[in-house]
Participant: 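One structure, as structure tokens, below. Some questions next.
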Amino acid sequence: MHADAYAQQLLGIAAQADGQMFLKCFQLSSQNQVYSLFEQASREALEVDFTVQRSGEAGQWVRLWGSSGREDESVVLRGVVQAVAPPADLTRLDPLQSFFELLDDSLVGLALLDGKELTYLRVNACYAALKGKTAEELLGKSFPRTLPQGEVLEKSLRQGLSSGVALRVKEVEVPLPPTENRPIHYIDLTFQPQWDEARQGYTQILVIATDVTGQVHLRKELEAQKAQLEQVIQSAPVSIARLIGPDFRLSTVNRAFIEIAGKGPVSLNTPLVEVMPEIEGQPFLTLLEEVYTKREVFEQKALPAWILEKGEVRHKFFNVCYAPLLQEDGQSYGVLCFSIDVTDQVKLQKRIEQSSQSLQNAVDLAELGTWNIHVEEKILSFSRSVTRWIGFTSALTFEQIDSMALNAKMLEEAYRQALSLQGERRLEVEFEIVNPRTQQTYTLYALGNTHFNDQGRATHIRGFVRDVTPERKMQQVLESKVEDRTRELATSNENLQASNEELVLTNEYLSRSNESLEQFAFVASHDLQEPLRKIRQFCDLLVKQYDRDRVLNETYLDRIRYSAARMSELVSDLLAFSQISNATPELKLVDLNKILDRVQENLSVSLEETQAQLQIAPLPNVMGDTLQLEQLWQNLVSNALKFSSKDQSGHKQIPQIVINAQVVPLTQLPGQLQLKARMYHQLSIQDNGVGFDEKYAERIFGVFQRLHGKSEFKGSGIGLSICQKVAHNHGGLITAESQLGKGALFHVYLPLHP
């Protein structure tokens with residue numbers, strides 16, 4: 001049997017005793033009554049008064065009521081025991097009356113329900129208080145209506161009345177009046193059906209209520225705190241994992257840990273090495289084992305690691321903290337791991353260090369020094385490179401600097417302006433300083449920026465300093481040379497002024513010479529043409545007059561006519577060259593496509609006779625003189641027709657002439673062209689004629705220059721000179737490329753105007 005503390009004290013038995021030990025506590029007169037309880041195991045309700053004899057004490061009357069039954073072939077008694085006074089008539093005693101009187105002021109709520117209507121028959125003060133009412137307010141009221149779960153309980157209670165099985169309900173919410181300023185009330189209820197011997201059935205229900213409000217609220221608060229803690233853990237940017245056991249099985253992980261693991265969802269209760277197999281061979285497992293066995297916290301910043309993410313091993317860095325999880329006896333049962341991915345910060349720090357080192361190398365290479373003025377302390381600190389100039393290795397006070405500076409007032413004024421909020425907030429000054437150890441004077445140039453705090457107060461001035469002593473010495477030398485050179489230039493200017501007067505006279509003489517040359521060209525082109533025409537006419541008359549008699553030799557006459565015609569052509573070409581040389585081109589927008597159309601009309605007879613094939617690409621518009629450009633292209637096309645080659649049988653080949661145009665930058669033009677524009681039109685004409693030796697590429701543009709005999713190809717040798725003059729008049733250039741027997745290629749470059 002089992003007994004609580006009160007029953008143990010009352011009956012004088014242990015917490016657990018068998019039936020024989022229990023019966024030894026009773027007087028012989030009452031043992032028969034107790035024995036009868038075991039013999040009547042079929043009875044479901046019992047009630048008995050008896051005495052208990054304890055060592056050295058008088059017999060104590062005890063009342064026991066409850067129910068009996070069988071479990072696993074054993075007789076089981078369940079009920080309540082109470083000390084009572086010896087009654088005069090036990091058969092008339094209400095077994096629950098004394099029970100309610102005894103526990104009326106206890107901490108256990110008791111109520112007795114009518115089995116038929118489920119209304120309150122009895123209520124002690126504790127039960128009424130738990131319901132938030134008085135005993136008078138509950139008596140006679142329906143039990144199901146006093147609880148939110150009453151209707152559900154009613155069915156279970158009626159089943160208990162029929163079976164006699166006790167019903168226990170945990171954490172029932174008790175509605176309190178609106179005026180009650182208390183949290184929700186919770187009670188545990190036990191419903192024990194009561195046997196009525198006279199009616200041979202369960203007619204009443206004993207209700208035992210226990211206040212568990214504190215436990216429920218504490219549990220809910222713990223659950224809320226646990227949920228809140230879980231939310232904090234899951235949303236924390238720090239990776240958190242709780243590892244259990246020596247094999248470090250995952251018990252708790254947050255999202256940050258899953259992201260670091262880099263393999264998607266993590267299965268709990270799995271060893272860490274199975275989730276992240278790449279950590280084998282790395283220090284993590286060894287560190288965890290040391291924390292687990294030594295029970296000491298481990299912390300380290302920028303711990304390197306190689307983590308497998310999406311099939312790729314990445315080199316990362318973590319700030320880690322491993323703390324042992326300890327039981328009450330101080331033994332470890334796991335490790336709590338915190339880690340932060342600081343890969344970006346470590347890489348950034350390395351880049352900063354590399355940049356700082358590069359900057360320092362640049363400073364050293366440039367022979368610069370760095371300095372820092374602490375404004376409040378008025379202390380100047382500097383790099384090692386400054387030591388050789390000022391002779392000190394440690395920080396200096398302002399007084400020490402003033403004692404070494406030759407122009408201290410200039411330094412003080414620059415410092416004052418650097419501290420001003422209205423100024424440029426920078427210090428820039430050049431000053432001279434004497435090294436107290438070597439007594440050598442240095443000229444130093446300092447440049448720095450002023451740093452202010454949130455209150456607008458200057459805290460530091462940082463910058464660079466450079467030794468400009470050699471430069472200033474060189475500057476003095478140069479200034480001396482400039483003065484000497486200035487005096488020399490003044491003397492030269494006086495001489496040039498005299499020379500300019502001579503140059504003016506020379507220009508006047510050249511102008512008169514040009515006018516004379518123009519008059520000569522006019523006379524040569526007009527007055528000399530008249531005698532040539534008469535020679536040709538008289539030759540024609542002689543041929544007509546003496547043709548019948550064959551008196552004159554026709555060969556001589558033909559030579560006279562040919563020479564006169566050639567002389568006339570030379571004079572005409574000379575006139576054309578003279579006009580182009582002296583004329584200023586009238587520039588306007590010219591369509592070269594129309595120019596080529598007119599050239600083909602002018603040379604239509606030659607084109608038909610030679611059956612020449614022209615391939616002309618679309619040509620641009622250029623700024624130029626229409627007549628001069630037409631003369632240029634007519635000469636180039638005429639040359640291509642004239643200097644056609646012959647095949648092996650001696651027959652002239654059909655001229656193939658290709659004309660193209662493109663825009664090229666100045667950098668792709670021949671070097672002899674002076675700068676006129678950034679971009680140029682390159683106009684090209686290529687033929688399949690006899691060509692010429694490349695070494696004569698410049699010579700062919702000279703006046704009266706010929707590379708072939710007069711009998712082989714006609715011409716005065718002025719055509720290409722005219723082309724060159726036209727190109728020069730337009731700010732351009734003409735070049736030639738060729739090989740003997742492989743034709744010629746001419747490029748005309750004209751400026752590309754907006």
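One is the number of the first residue; the rest follow in order along the sequence.
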Participant: How about CD on Glu299, more than 12 heavy atoms from neighbouring residues, nucleotides or ligands closer than 6.0 Å, or not?
Facilitator: no
Participant: Could you tell me if the side chain of Ile205 sits less than 4.5 Å from the side chain of Phe143, heavy atoms only?
Facilitator: no
Participant: Between Ala128 and Ala135, what is the shortest heavy-atom contact and its length?
Facilitator: CB-N, 3.6 Å
Participant: When rounded to the nearest 0.5 angstrom, what is the spacing between OG1 in Thr343 and CG in Leu348?
Facilitator: 12.0 Å
Participant: Could you work out, with side chain to side chain contact (heavy atoms under 4.5 Å, CB included) as the rule, every residue matching Arg158, not counting sequence neighbours?
Facilitator: Leu118, Glu154
Participant: Going by side chain to side chain donor-acceptor pair (under 3.5 Å), name the pairs with one or both residues in residues 238-251, residues two or more places apart or in two chains.
Facilitator: Ser239-Ser339, Arg242-Ser251, Asp247-Arg249, Arg249-Asn269
Participant: Measure the spacing between CD of Glu223 and CG of Leu218 and express it to the nearest 0.5 Å.
Facilitator: 10.0 Å
Participant: Between Lys301 and Val342, is the side chain to side chain contact (heavy atoms under 4.5 Å, CB included) condition met? List the steps.
Facilitator: CA-CA 9 Å; Lys301 293 184 178 180; Val342 293; over 6 Å; no
Participant: Identify the residue among Val273, Val275, Val335, Thr270 that makes a side chain to side chain contact (heavy atoms under 4.5 Å, CB included) with Phe248.
Facilitator: Val335
Participant: Could you grab the distance from atom CZ of Arg425 to atom OG1 of Thr450, nearest 0.5 Å is fine?
Facilitator: 8.5 Å
Participant: Of all residues at least two apart in sequence or in a different chain, which pass the side chain to side chain contact (heavy atoms under 4.5 Å, CB included) check with Glu312?
Facilitator: Arg314
Participant: In Å and rounded to the nearest 0.5 Å, what is the CG to CG distance from Leu157 to Leu189?
Facilitator: 9.5 Å
Participant: Measuring only between side-chain heavy atoms, which start at C-beta, is Glu278 closer than 4.5 Å to Val313?
Facilitator: no
Participant: Report yes if the side chains of Phe257 and Ile240 come closer than 4.5 Å at any heavy-atom pair, otherwise no.
Facilitator: no
Participant: Find out whether Tyr120 and Val207 are in side-chain contact, i.e. whether some heavy atom of one side chain is under 4.5 Å from a heavy atom of the other.
Facilitator: no
Participant: Locate the shortest heavy-atom distance separating Pro193 from Ala166; write the atom from each residue and the value.
Facilitator: CD-CA, 4.1 Å
Participant: Can you confirm whether Pro304 sits close enough to His315 that some side-chain heavy atom of one is under 4.5 Å from a side-chain heavy atom of the other?
Facilitator: yes
Participant: Measuring from Thr210:OG1 to Ile187:CD1, what's the distance to the nearest 0.5 Å?
Facilitator: 8.5 Å
Participant: Going through the distances and angles, do Ile307 and Met276 end up as a side chain to side chain contact (heavy atoms under 4.5 Å, CB included)?
Facilitator: CA-CA 8 Å; Ile307 304 299; Met276 303 177 68; 3.8 Å; yes
Participant: Scan side-chain atoms only and decide if Gln345 and Gln349 contain a donor-acceptor pair under the 3.5 Å cut-off.
Facilitator: no
Participant: Looking at every heavy atom in both Ala241 and Val253, which two are closest together, and how far apart are they?
Facilitator: CB-CG1, 4.1 Å
Participant: Which residue pairs pass the side chain to side chain donor-acceptor pair (under 3.5 Å) test when at least one of the two sits in residues 280-297, sequence neighbours left out?
Facilitator: none
Participant: Between Leu161 and Gly115, which heavy-atom pair has the shortest distance, and what is it?
Facilitator: CD1-O, 3.1 Å
Participant: Without swapping roles, check the side chain of Glu274 against the backbone of Pro271 for a donor-acceptor pair under 3.5 Å.
Facilitator: no
Participant: Report, one line per pair, each donor and acceptor closer than 3.5 Å where one atom sits in a side chain of residues 317-331; sequence neighbours left out.
Facilitator:
unit_1 : atom_1 : unit_2 : atom_2 : d
Asn319 : OD1    : Ala302 : N      : 2.8
Asp329 : OD1    : Gln331 : N      : 3.1

Participant: Looking at OG1 of Thr252 and CD1 of Ile244, how far apart are the two atoms once the value is rounded to the nearest 0.5 Å?
Facilitator: 7.5 Å
Participant: Using distance only, find each side-chain donor-acceptor pair of residues 457-465 under 3.5 Å and give its atom names and separation, not counting sequence neighbours.
Facilitator:
unit_1 : atom_1 : unit_2 : atom_2 : d
Arg457 : NH2    : Glu376 : OE2    : 3.3
Thr459 : OG1    : His451 : O      : 3.1
His460 : NE2    : His374 : ND1    : 3.4

Participant: If every non-hydrogen atom of Tyr127 is compared with every non-hydrogen atom of Asn124, which pair is closest and at what distance?
Facilitator: N-OD1, 2.9 Å
Participant: Side chain to side chain contact (heavy atoms under 4.5 Å, CB included) between Phe284 and Leu303: does it pass, once the steps are laid out?
Facilitator: CA-CA 10 Å; Phe284 297 101; Leu303 181 65; 3.5 Å; yes
Participant: If you apply the rule side chain to side chain contact (heavy atoms under 4.5 Å, CB included), what do you find for Asp196 with Gln204, and how did you get there?
Facilitator: CA-CA 8 Å; Asp196 189 342; Gln204 296 177 345; over 6 Å; no
Participant: Any heavy-atom pair between the side chains of Val108 and Ile208 that's under 4.5 Å?
Facilitator: yes
Participant: Using the rule side chain to side chain donor-acceptor pair (under 3.5 Å), only one of Gln215, Arg219, Lys220 pairs with Glu171; which is it?
Facilitator: Arg219
Participant: Quick check: closest heavy atoms across Asp188 and Lys170, and the distance to 0.1 Å?
Facilitator: OD1-CA, 3.4 Å
